[in-house]
J.: 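Here it is, the structure, as structure tokens.
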Amino acid sequence: MTGVQTCALPISPPQPRLASTLSKAVLLLAGATFATAWVVCWFRPDTSGDGNLYHIPTMHFWAREGRVHWIDWPSGCGPFMNGYPGGVELTGLIMAMALHTSNFANAVNLVFLPLGVLASAYLARAVGASTMWSAVAGAAWVLIPMNIAQATTSYVDSAYASCVAALLALAFYTVSCVAEDGEFFPWRAVGPLGAAAGLAAAAKGTGAAAAPIALAVVSACLLVGIVRHGRGHRGRLVLIANGFVISAAAVAVLVGGYWYIRNYVIGGSPLYPVGLTIAGYKVFPGSTLEEAVGITGSTAPALRALPAYWRVLIHWAQMGIPPHTVWGCWPNKIGRASCRERV
């Protein structure tokens, strides 16, 4: 089987009329939701807590100088504005400077949302879904309650999730090309794979773990594919696989490494304001994650006693967090969209 055949997607069978109608309805709903979000962003400023605490102020201070810089501001938000990766906020800065308006400062998640849509559609198609249902899977990404709730805010979690989804899809594509053939390496995926890893790292601090873990898993799967199916000189194939992953990692550093290099040079730790201690040895100075972020304090009291998986589900569905409830988040946003005043 050739590499091209290995990566080929299955042929879609004809679909019943009812299924076709339902799929079109989902696609229209997702499209209308995405378009409405842009309209709401234009008319409605971001009223979220963290958005006004440090996300939008970061874009504001950068815009005043027309560039990304270390913000010297006498407030407790300095470590957040400087230490957290600013890839998503940089998108807001670019839009503000290009369009000469700050009305889309809270539309940054919408810029990244197509990555999650395409990733979901590809993954569904790759595991056997028809073209129609893979498109529905992609559209469903837009309709995830968390994505809807954050669509018109400057929170970066939705953008980060879209970047991670793209990373997973590209990792799956890479592994699938090698898993059955053992000798075909999709070099055209090196750039996109590394870029997705870099975007994930640049969007949120947890991306600093997600990106290398994803590339390590890809490396391990490539080696397994070589061992199981490689018919040539396996030593040569292993070197090629290592070169593939190293190349992707280099692209990731070029795309998202700036924030961590800057933190190390100025703050003393790539994870500034958080340090790193391994087995009692302090690798990088800084505070603990709890001290820097206040995980316990930032968790709603009603959720603190719940198991972790319940807290994840509740936040995913935006349940019980008014006004961002599953059914209430959009009526709330649209109903107040007439507020044009910007801070």
Side-chain angles (χ1 to χ4, degrees), residues 26-56 58-59 80 84 87-89 91-92 95 103-117 119-120 136-166 200 203-207 293 295 297-304 306 308-339 342-343:
V26 173
L27 293 174
L28 287 173
L29 179 60
T33 299
F34 185 70
T36 302
W38 282 99
V39 175
V40 172
C41 286
W42 176 266
F43 289 106
R44 176 68 183 169
D46 186 3
T47 57
S48 64
D50 285 356
N52 287 278
L53 189 65
Y54 59 89
H55 289 300
I56 290 180
T58 298
M59 291 183 256
F80 300 147
Y84 290 175
V88 179
E89 290 86 349
T91 304
M95 286 195 295
N103 282 36
F104 287 131
N106 52 326
V108 287
N109 289 293
L110 298 176
V111 176
F112 291 87
L113 202 60
L115 290 177
V117 171
S120 299
V136 170
W141 183 266
V142 177
L143 302 176
I144 291 176
M146 188 274 291
N147 284 337
I148 294 178
Q150 290 196 5
T152 58
T153 74
S154 55
Y155 278 80
V156 301
D157 304 277
S158 176
Y160 171 67
S162 294
C163 293
V164 172
K204 197 173 178 68
T206 49
V293 181
I295 298 176
S298 61
T299 302
L303 302 181
R304 293 175 188 172
L306 297 178
Y309 61 87
W310 271 116
R311 293 200 300 271
V312 170
L313 175 62
I314 289 173
H315 280 87
W316 179 88
Q318 297 292 293
M319 295 186 296
I321 312 178
H324 306 301
T325 57
V326 176
W327 302 113
C329 56
W330 271 118
N332 170 74
K333 292 179 182 296
I334 297 173
R336 300 192 302 171
S338 59
C339 179
R342 295 273 163 174
V343 178

J.: Classify the ring geometry of H55 against Y155: parallel below 30°, tilted from 30° to 60°, perpendicular beyond 60°.
T.: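 Judged by the thresholds at 30° and 60°, the geometry between H55 and Y155 is tilted.
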J.: Which distance, rounded to the nearest 0.5 Å, do you find between the CE of M59 and the OG1 of T91?
T.: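 It is 9.0 Å, given to the nearest 0.5 Å.
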J.: Search all heavy atoms of G138 against all heavy atoms of S120 and return the closest pair with its distance.
T.: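 Shortest heavy-atom separation between G138 and S120 comes out as CA-CB, 3.9 Å.
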J.: What I'd like to find out is whether the side chain of V88 reaches to under 4.5 Å of the side chain of K204, using heavy atoms alone.
T.: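 Counting from C-beta outward, V88 and K204 never come under 4.5 Å.
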J.: Please find the pair of heavy atoms, one from T152 and one from A37, that lie closest to each other, and give the distance.
T.: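 T152 and A37 have their closest heavy atoms at CG2-O, 3.7 Å.
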J.: Is the ring pair F80/Y54 parallel, tilted or perpendicular, if the boundaries are 30 and 60 degrees?
T.: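 Because their plane-to-plane angle lies in the 30° to 60° range, the rings of F80 and Y54 count as tilted.
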J.: Counting only N and O atoms by type, is there a donor-acceptor contact under 3.5 Å from the side chain of N147 to the main-chain atoms of A161?
T.: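 Here the side-chain-to-backbone pair does not exist.
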J.: Please lay out, stage by stage, how V142 and V117 fare under the test side chain to side chain contact (heavy atoms under 4.5 Å, CB included).
T.: CA-CA 7 Å; V142 177; V117 171; 3.6 Å; yes
J.: Is the shortest heavy-atom distance from the side chain of W38 to the side chain of F104 under 4.5 Å?
T.: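 Contact flag for W38/F104 side chains = yes.
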J.: Between OG1 of T206 and OH of Y160, what distance do you get to the nearest 0.5 Å?
T.: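 The OH atom of Y160 is 3.0 Å from OG1 of T206, to the nearest 0.5 Å.
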J.: Suppose the criterion is salt bridge (Lys or Arg N to Asp or Glu O under 4.0 Å): which pairs have a residue in residues 26-42, not counting sequence neighbours?
T.: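 Not a single pair qualifies under salt bridge (Lys or Arg N to Asp or Glu O under 4.0 Å).
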J.: For A151 versus L110, what's the shortest heavy-atom pair and its separation?
T.: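 Heavy-atom minimum between the residues: O-CG, 3.6 Å.
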J.: Among all residues two or more places apart in sequence or in another chain, which pass the salt bridge (charged side-chain N to carboxylate O under 4.0 Å, His left out) test with D50?
T.: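 Checked D50 against salt bridge (charged side-chain N to carboxylate O under 4.0 Å, His left out); zero matches.
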J.: Over all heavy atoms of both residues, which pair between A203 and V156 is shortest? Give the atoms and the distance, please.
T.: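 Heavy-atom minimum between the residues: O-CG2, 3.6 Å.
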J.: Does some side-chain heavy atom of S158 sit less than 4.5 Å from a side-chain heavy atom of M146?
T.: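 Of all side-chain heavy-atom pairs linking S158 with M146, at least one is under 4.5 Å.
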J.: Provide the closest heavy-atom pair for S162 versus L115 in the form atom of the first, atom of the second, distance.
T.: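 Nearest pair, atom of S162 first, then L115: O-CB, 3.8 Å.
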J.: Tell me if a side-chain donor or acceptor on D46 pairs with a main-chain N or O of G51 at a distance below 3.5 Å.
T.: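 Checking the backbone N and O of G51 against the side chain of D46, no donor-acceptor pair under 3.5 Å is found.
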J.: Return the minimal non-hydrogen interatomic distance between D157 and N109, and the atom names on each side.
T.: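 Looking at all heavy atoms of both residues, the shortest contact is N-OD1, 4.4 Å.
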J.: Listed by chain and number, what are the side chain to side chain contact (heavy atoms under 4.5 Å, CB included) partners of L28, not counting sequence neighbours?
T.: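 Residues passing side chain to side chain contact (heavy atoms under 4.5 Å, CB included) with L28: none at all.
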